Amino acid sequence: MKWTFIWLSIFLLAGCATYKQDIEEGLNLAKEGEWKAAENKLDEALNNSQDQLLYYMETGALAQNQGDFERSNTLLEQAERLSDTFFPNNFSNRSWALLSNPRQGDYRGSGLERVYISYLKSLNYLALAEQEKNISKKRQLNDAALVEVRRIDIKLNEIRAQTPSYQDLNAKENQAFYMKALNWLGDFYTGGRDTDKFLYRDDAWARYLTGLQYEIDGEFDDARISYEKAANLYSDGYAKQYALPSMTAERAWLDAIRMMQKGGFSQNEIQQKIDAKLSNEMQETLKQYHKGDAELVVLEHQGFIPDKSEMTLLLYADPRAYSLVLEPLHGGGRIEANDAFRWFTMVYADINPLNLIANYKAGGAWGTFSGLFTKRVILGRPVWQQLSDIKVDKLLTEQTIRVTVPYYRRFTLDQHQPTLQVNNPTITPFNKSLRMASLADIAFQEQLAQAQRDIYEGLVRELLRSWLAYQVSSNVKDQNAALLFNLIGQVAVFASSASDTRNWLTLPAQVRLTREPLPPGEYNPDYKVNKKAFSLGKVNLEANKIKLWNLRNPY
């Protein structure tokens, strides 16, 4: 009975759908703009303690899309507290996840997600302030929005303190050859890849939004500082890292210059900045701003951040080279299999000299070439001897171990140019939208940066689980029963291997910005992109005021 209970426990752990599969029904509804129905489905799918943070983030975003801003902030505030609470690792929680699969551990969120909790909350407060008629309450809500942008600043400063800046990366590129060689040698055991290039180190768009909110509140010097921070980030490397237009930096400089005009800077200082930072095209855009104008600002949050898939790797031993070898198992459709293989060769394949040498010793010239399709973990003789002492080498020669890691399939972002028209016969439609942020690319590169950690954690987890199952069957005296238990254990452990594919999937894939100065008056703005049309309805634009249209485009 005891053994039946043990193996039943293992079977209960078998199999684990990816996070996207768990919430797919709700996510599909969201992609059709059915926000309320999507939220109802996610209520059911995320009803567990491990996904509590995801529940509050996903439903908080969906509540905002429904225009339920107070409830959205209530949900996002819970997410805010949990995202901080989860930073210290819970030992028992992590241990259970190690023995079962990562989905059994609490989801803790990424740096990007922590920043965008405050980002969405700030937009909620602005929307509530616009609806509020009472002057005192309106002031309080605008102040609450500024509290959230200051939280964004604090969070980004924390992230920046732990990661190399764009200036650090540029200095690394320009350093002497012998220093590059030393860094190259030091990368042998990190896969030979400079993951610093992929880190989320700051957020130019979040800095820009901070400037916009200060401008809305009339704090022009604070707005100028934030716009300048955004402009410097875009030009230093943010735009290049996330494949954004080079004009993003100029747009931020243009708005910083406008704040200089409002903040009492001398005409000479302003002209110097215009000449240094703005192209002729942007200088013409600046001239379109006149004293007493209103401004319509459209933030189009388009699409959805991509979901993570799960790649299967097979682990086996190579005693001749004192190493473990991982190679991808091809499966799924042709496109998915190709994407998995490309991710593997891009992130994991043995391209550094030490692994090439080990592959050559193990298999001659063909072994070197085959290293392009494998990941070798060189242990060395002393570590291999320790594995032999506890019979892990025997385990690896008698059975195949499955290791799973998360990865992103290829994705494309919508490249259509939006058109904004205000339904005024004297004003021609505008088509000057700029793609200011790609959350999809940020998430993709964050996964690249932590890929080495993922594969080693997966390897350790599956080795431990396989070894425990192997020990159980090895201690059974009856040979036939031992064989049966061993087979059951192999199948159960193989089937239950899983990686953590969770992330906040109702975040937008990208953000496009349209800013247009307009004479004060009544308008009926329409926004069209990729054959989809969105209407703001009748609005009254007041002199020297900004009307913010937070547009969620699911298509």
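Numbering of residues begins at 1 and proceeds along the displayed sequence. All values reported here derive from a predicted model rather than from experimental measurement. Quick note: numbers below take in every heavy atom, side chains included, and nothing from hydrogens, waters or symmetry partners.
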Check ion pair Arg512-Asp414 (N to O, under 4.0 angstrom): yes
Tyr116: partners by ring-ring contact (aromatic ring centres under 6.0 Å, His included), with sequence neighbours left out: Tyr119
Approximate separation, where rounding is to 0.5 Å, of Met57 CE and Leu507 CG: 7.5 Å
Minimal non-hydrogen separation, Ala145 against Gln213, with atom names: CB-OE1, 3.4 Å
Backbone N/O of Phe341 and side chain of Thr345: donor-acceptor pair under 3.5 Å: yes
Shortest non-hydrogen contact from Asp203 toward Tyr238: OD1-OH, 3.2 Å
Mutual orientation of the aromatic rings belonging to Tyr408 and Phe444 [parallel < 30°, tilted 30-60°, perpendicular > 60°]: tilted
Residues, nucleotides or ligands: over 12 heavy atoms within 6.0 Å of Gln417 CD: yes
Heavy-atom closest pair, residues Gly26 and Lys41: CA-CB, 3.6 Å
Parallel, tilted or perpendicular: rings of Trp549 and Tyr527 (30°, 60°): perpendicular
Salt-bridge present (Asp307, Arg409; N to O < 4.0 Å): yes
Salt bridge (Lys or Arg N to Asp or Glu O under 4.0 Å) partners for Arg515, two or more places apart: Glu215, Asp255, Glu295
Side-chain touch Arg402/Leu315, heavy atoms, less than 4.5 angstrom: no
Side-chain donor/acceptor of Asn47 to backbone N/O of Asp43, under 3.5 Å: no
Distance, nearest 0.5 Å, that separates CG of Asp202 from CG of Leu156: 5.0 Å
With Phe69 via ring-ring contact (aromatic ring centres under 6.0 Å, His included) - residues at least two apart: none
Salt bridge Glu77-Arg81, side-chain N to carboxylate O under 4.0 Å: yes
Gln64 side chain near Arg71 side chain, heavy-atom distance below 4.5 Å: no
Test: Lys375 and Glu327 ion pair at under 4.0 Å: no
Under 3.5 Å: donor-acceptor pair, side chain of Glu58, backbone of Thr506: yes
Between Trp504 and Phe304, ring centroids under 6.0 Å: no
Ionic contact status for Arg114 with Glu80, cut-off 4.0 Å: no
Heavy-atom donor-acceptor pair, Gln66 side chain to Leu62 backbone, under 3.5 Å: yes
salt_bridge(Arg108, Glu113) N-O dist < 4.0 Å: no
Sidechain-backbone polar pair: Asn48 side chain, Gln50 backbone, donor-acceptor under 3.5 Å: yes
Nearest non-hydrogen partners of Tyr234 and Leu244, listed with the distance: CE2-CD1, 3.9 Å
Under 3.5 Å donor-acceptor, Arg151 side chain and Ser122 backbone: no
Heavy-atom closest pair, residues Pro508 and Leu439: O-CB, 3.3 Å
Asn553 side-chain N/O to Tyr555 backbone N/O, donor-acceptor pair under 3.5 Å: yes
Side-chain (Glu310) to main-chain (Ser499) donor-acceptor, under 3.5 angstrom: yes
Donor-acceptor pair, side chain of Ser72 and main chain of Gly60, under 3.5 angstrom: yes
Ser235 side chain to Ala231 backbone, donor-acceptor under 3.5 Å: yes
